[in-house]
Participant: 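One structure coming up, written as structure tokens, with questions to follow.
Just follow the structure's listing: the first ligand is 1, and inside any ligand the first atom is 1.
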Amino acid sequence: MRSTRFSGPFNRRSWLAALAGSMALPSLAGVTARPAITLRFSHVVAEETPKGLAANRFKVLVEQRSGHRIGVQVYPNAQLYGDHDEMQALQLGAVDLVAPSLSKFGRIGLPEFELFDLPFLFDDLNAVRRITLGPLGKKLLQGLSRQGLVGLGFFDNGFKQMSANRPLLELKDFAGLRMRVQASRVIAAQMRALGARPVTLPFSETRRALATGVVDGTENPVSNFWTQAMHEVQSDLSLTEHGYLGYAVVTNQRFWQHLQPDDRALINQALQESLAFANQIADTQNDRALQALRQAGTTRIHRLGVDQRARLRQAVQPVQQQLADRIGPRWMSDLKQALHKS
Ligand code: SIN
């Protein structure tokens with residue numbers, strides 16, 4: 001694995017900068033100096049997803065605004081680290097920014113993040129905002145300091161759908177299916193409540209597991225389903241919209257504190273703008289992916305009737321009770337208060 005911080009990858013640009021004699025020199029005509037700092041941003045999804053596009057926008061903003069003194073190297077598609085090791089890589093300083101889904105914080109000792117996984121919790125993205133932009137969101141991000149991390153903000157992918165090689169419209173359709181899930185106890189409990197068997201797998205292994213029959217189905221927003229070509233190995237996508245998938249961008253405390261205050265402010269500003277951008281485009285990206293999926297014609301798309309959705313919702317209601325202790329009773333009551341739920 002290549003370390004790029006403070007050095008930049010050995011490419012044409014850095015070679016020319018070296019020839020120019022000094023990293024600190026400003027650009028020669030048509031030649032950009034090698035960045036003094038290079039941030040490494042690792043993520044597990046494709047570049048055409050809300051997260052991929054936000055990461056690329058962040059790179060452009062930081063590099064432009066710093067006059068290319070600060071570089072950003074984005075590693076999509078788990079090129080560098082996958083679900084199992086990206087957080088550890090961040091804690092060790094092997095990367096500088098990651099944006100895991102909120103479902104992946106439980107296993108590093110922050111189970112309260114799994115509240116976002118509670119099925120049928122959010123009626124829409126406005127309800128999500130009441131948490132992410134409110135005091136609860138702030139408290140969640142502050143909690144990351146327990147792991148030596150700094151939480152810089154939340155952003156959306158969107159609502160998840162269910163896929164398999166059959167429609168998933170009624171409880172009986174889930175019976176005995178092995179469903180790939182993220183490492184979240186809440187999502188595992190949701191699958192059990194539906195009668196399926198949860199199988200935890202990293203995102204990057206999901207398509208292969210579906211193709212080889214290691215698992216029968218999975219859940220994800222359509223942009224992830226489409227960009228991983230899961231439509232080639234799943235004949236049916238049921239638009240259940242049963243849960244939310246969002247992200248938190250995190251960095252390492254040591255790294256963050258060692259930045260010059262002006263650089264920190266520039267990076268943070270660029271990041272906040274990129275997250276706002278991701279939130280603006282997330283819905284569109286999912287709609288586009290659905291359209292592309294329809295055109296591909298490989299996968300049947302099913303809309304659920306109101307009664308069918310109500311029955312699934314009913315079946316997973318016990319998950320809130322079952323997982324309240326894991327998430328934490330205080331978090332649960334604050335959550336309900338913020339969402340005006342009893
Ligand atoms: C992601 O969107 O980052 C991956 C979600 C998953 O693991 O299903």
Participant: Just need the protein heavy atom nearest to atom 2 (O) of ligand 1, so name the residue and atom and give the distance.
Facilitator: Y247 OH, 2.6 Å

Participant: So does R300 pair up with D236, basic N to acidic O under 4.0 Å?
Facilitator: yes

Participant: Restricting to ring pair (Phe, Tyr, Trp, His ring centres under 6.0 Å), what partner residues turn up for F120, sequence neighbours left out?
Facilitator: none

Participant: Tell me, which protein residue and heavy-atom name are nearest atom 3 (O) of ligand 1, and how many Å apart are they?
Facilitator: K51 NZ, 2.7 Å

Participant: Applying salt bridge (Lys or Arg N to Asp or Glu O under 4.0 Å), which residue pairs with at least one partner in residues 149-165 are found, sequence neighbours left out?
Facilitator: R129-D156, K160-E219

Participant: Any Lys/Arg nitrogen of D216 or R166 sitting under 4.0 Å from an Asp/Glu carboxylate oxygen of the other?
Facilitator: no

Participant: For ligand 1, which atoms sit closer than 4.0 Å to a heavy atom of V44?
Facilitator: 3 (O)

Participant: Do you know which two heavy atoms are closest between A193 and A315, and how far apart they sit?
Facilitator: CB-O, 3.6 Å

Participant: Starting from atom 1 (C) of ligand 1, find the nearest protein heavy-atom neighbour and note its residue, name and distance.
Facilitator: V45 CG1, 3.4 Å

Participant: Return yes when T218 approaches ligand 1 closer than 4.0 angstrom through a heavy atom, no otherwise.
Facilitator: no

Participant: Within a distance under 4.0 Å of any heavy atom of L245, pick out the atoms of ligand 1 and give their elements.
Facilitator: 2 (O)

Participant: N220 heavy atoms, cut-off 4.0 Å: which ligand 1 atoms fall inside?
Facilitator: 6 (C), 8 (O)

Participant: So, R326 and E114, do they make that salt bridge, N to O below 4.0 Å?
Facilitator: yes

Participant: Of the backbone atoms (N, CA, C, O) and the side-chain heavy atoms from C-beta on, which set of T49 has a member under 4.0 Å from an atom of ligand 1: side chain, backbone, both, or neither?
Facilitator: neither

Participant: Specify the protein heavy atom at minimum distance from atom 7 (O) of ligand 1: its residue, its atom name, and the distance to 0.1 Å.
Facilitator: K104 NZ, 2.7 Å

Participant: Locate the shortest heavy-atom distance separating L237 from S163; write the atom from each residue and the value.
Facilitator: CD1-CB, 3.8 Å

Participant: How far is atom 8 (O) of ligand 1 from the closest protein heavy atom, and which atom is that?
Facilitator: R180 NH1, 2.7 Å

